[in-house]
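To start, the structure itself, in structure tokens.
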Amino acid sequence: MSDLSTFHAALANETATGQLMADLALLLSAGDVITLSGDLGAGKTAAARALIRYLAQDDDLEVPSPTFTLAQTYDLPSFPLLHADLYRVNDPDELEEIGLSPLPDGTVALIEWPERAPQMLPPDRIDIAFSHRPSLGTGARAAEITGYGKLTAKVERLASLRRFLELAGSLEAKRQRMPGDASTRSYARLVKGDQTTILMNSPRRPDGPALYDGKSYSEAVHLAEDVRPFVAIANGLRERGYSAPAIHHADLDDGFLITEDFGGDLFIEGDPPKPIAERYQAAVDMLAAFHQEQLPDVLPLAPHLDYIVPPFDDAAMMTEVGLMPEWYLPDKGVTLTSNMHADFLLIWGDLFAKLADTPKTWMLRDFHSPNLIWLAHRRDIGRVGLLDFQDAVMGPAAYDLVSLLQDARIDVPESIEIAMLTRYAKERRAADSAFDPAAFVQQYAIMSAQRNTRLLGTFARLNRRDGKPQYLRHQPRVWIYLNRALAHPSLEIFREWCTAHVPPPAT
């Protein structure tokens with residue numbers, strides 16, 4: 001890859017400029033620098049305003065030109081943004097006075113008239129040069145987008161995204177920003193008339209270096225590293241009558257999808273949010289029906305191309321629980337001796353052995369409130385809309401029930417958890433007299449301990465490695481769920497190990 005990449009966009013009006021900036025916003029991350037150049041009236045401030053309003057999810061947000069203030073800061077949902085106008089800068093010392101030299105860390109910098117202070121420009125940046133195109137209309141502009149250094153890749157991806165949208169007939173659709181998740185994926189709602197779809201940007205990216213027996217973390221625990229698993233599992237779910245989004249357009253190589261829009265009718269309500277009983281019951285019923293099926297571990301993906309659903313094997317489960325000693329315990333000032341760590345591994349090895357004969361199914365893995373949409377116009381368990389399943393593996397059925405009933409992001413009272421667990425067991429038993437509720441409850445407890453041990457480490461890692469401290473607020477809730485699991489007799493030894501070595505999170 002070169003250290004410079006350029007593509008051109010023809011913009012018929014300000015709406016087209018806003019669409020370009022929305023597409024760029026889909027790819028931005030904290031610390032990126034975008035410069036806007038061009039003559040007076042070329043559209044720099046209009047482009048900046050469109051980008052800021054899109055990121056703020058507020059089409060009416062007041063975004064004044066910083067010509068006189070020189071810099072304006074916005075605290076946006078994803079990251080802070082600094083909008084600067086250097087037209088009136090005459091002395092480099094002025095840049096330090098207004099907080100532009102050096103540029104603040106962790107902030108997206110949007111800089112108009114960058115040629116007024118070339119010495120402040122970092123080697124990694126995106127420049128958008130606007131120019132008038134009066135022959136194409138009074139509001140027509142041309143944009144030359146150039147990536148420098150490490151941001152060359154984002155400009156190349158922006159060009160690929162624009163080509164994908166054009167081929168899909170969606171380049172002129174209105175974009176509406178949607179919240180992302182803890183992954184590298186990002187989303188936008190595309191609006192054309194009264195029709196809406198969802199754009200998914202899912203770049204291929206292993207989760208970290210090869211630290212786990214020569215594998216990245218995502219490879220070791222079988223997390224999706226590209227968009228192919230999502231497509232294969234979505235098609236497999238829909239073929240069996242479950243409500244996964246239809247995929248209208250796909251670029252499997254670049255990782256772009258346009259899918260059915262399920263809307264935003266959630267399974268929770270209130271402040272603080274709590275489960276909606278009827279909807280949780282439907283979700284439990286869906287899992288009970290789903291887990292009765294014999295599901296294949298090989299799925300068709302494209303002509304002459306299959307997808308193999310990976311196993312949630314002991315190595316993957318051990319790598320996940322290993323996030324507790326790797327990330328959570330160091331945050332608490334705990335350093336395990338080699339014997340303590342060996343005991344940890346032995347305890348989990350014994351627990352995983354108890355799952356060896358457990359029937360395996362498609363374990364969707366993130367079956368919880370942020371990823372479930374209520375589809376009131378459908379019937380029965382079809383009302384449960386499924387969004388996030390690209391990390392699906394062949395694993396124990398209890399895991400997804402744990403994800404639902406011990407939701408890391410909302411408080412699920414123990415009374416509701418027990419009632420829903422009982423409902424699930426009754427439905428499984430009614431459909432199959434060989435179903436053993438006691439054995440399932442043990443499986444549920446072990447999967448709960450495994451998931452919540454991993455989450456304590458995951459949230460610590462998201463904070464320390466990825467700069468996402470907002471996930472720490474979920475740790476006390478995860479701790480409560482973990483202790484519910486530790487009450488089961490099969491987890492007595494791990495309970496004793498945790499009592500001796502694992503401090504609770506800060507509340």
Would you say that [X] contacts [Y] through its side chain, given a criterion of any heavy-atom pair below 4.5 Å between the two side chains?
X    : Y    : result
M200 : M178 : no
V309 : L295 : no
L24  : I126 : yes
Y54  : M21  : no
L165 : L161 : yes
E417 : Y444 : yes
K174 : D59  : yes
R240 : F290 : no

Can you list the steps and then say if E427 with V284 is a side chain to side chain contact (heavy atoms under 4.5 Å, CB included)? CA-CA 9 Å; E427 294 207 14; V284 168; 5.7 Å; no

Inspect the surroundings of [atom1] in [X] and state if more than 12 heavy atoms from other residues, nucleotides or ligands are less than 6.0 Å away.
X    : atom1 : value
R379 : CZ    : no
Q57  : CD    : yes
K274 : NZ    : no
L266 : CG    : yes
L345 : CG    : yes

Could you tell me whether a side-chain N or O of [X] sits under 3.5 Å from a main-chain N or O of [Y], the two making a donor and an acceptor?
X    : Y    : answer
D306 : V298 : no
R477 : D407 : no
E260 : P245 : no
N371 : F367 : no
K354 : Q442 : no
Y424 : A398 : no
N201 : R185 : no
D23  : L20  : no
D251 : F256 : no
R228 : L252 : yes

Which pair of non-hydrogen atoms, one from [X] and one from [Y], has the smallest distance, and what is that distance?
X    : Y    : result
I416 : P275 : CD1-CG, 4.5 Å
F267 : R279 : CE2-O, 3.0 Å
P273 : I410 : CG-CG2, 3.8 Å
M420 : A277 : CE-O, 3.9 Å
L387 : P370 : CD1-O, 4.3 Å
P179 : Y187 : O-CD1, 4.0 Å

When rounded to the nearest 0.5 angstrom, what distance separates [atom1] in [X] from [atom2] in [Y]?
X    : Y    : atom1 : atom2 : answer
N483 : C498 : CG    : SG    : 8.0 Å
M324 : D331 : CE    : CG    : 12.0 Å
N452 : L456 : CG    : CG    : 7.0 Å
D314 : L351 : CG    : CG    : 10.5 Å
L364 : M286 : CG    : CE    : 6.0 Å
L486 : E496 : CG    : CD    : 11.0 Å

Parallel, tilted or perpendicular: which one describes the rings of [X] and [Y], with boundaries at 30° and 60°?
X    : Y    : result
F230 : F389 : parallel
Y399 : F312 : perpendicular
F164 : H249 : perpendicular
W348 : F344 : perpendicular

Dump the intermediate steps for side chain to side chain contact (heavy atoms under 4.5 Å, CB included) on Y242 and E293, then the final yes or no. CA-CA 12 Å; Y242 298 96; E293 300 202 30; 2.6 Å; yes

Looking at [Y] and [X], is any side-chain nitrogen of the basic one under 4.0 Å from a carboxylate oxygen of the acidic one?
X    : Y    : value
R383 : E278 : yes
E166 : R162 : no
R423 : D285 : yes

Go through the side-chain N and O atoms of R163 and S160 and say whether any donor and acceptor fall under 3.5 Å apart. yes

Can you see whether Q390 engages S202 through a side-chain donor-acceptor pair at a distance of less than 3.5 angstrom? no

Test log, rule side chain to side chain donor-acceptor pair (under 3.5 Å), inputs S243 and R378: CA-CA 9 Å; S243 294; R378 301 191 183 184; 3.0 Å; yes

Geometric cation-pi criterion, R461 with Y217: 6.0 Å, 45°: yes

Per the side chain to side chain contact (heavy atoms under 4.5 Å, CB included) rule, which among T197, L199, T196 passes with R189? T196

Run the side chain to side chain contact (heavy atoms under 4.5 Å, CB included) check on F262 and I198 step by step: do they pass? CA-CA 9 Å; F262 278 168; I198 301 298; over 6 Å; no

Would you sort out whether H501 and H341 count as a side chain to side chain contact (heavy atoms under 4.5 Å, CB included), showing the intermediate values? CA-CA 10 Å; H501 306 302; H341 194 260; over 6 Å; no

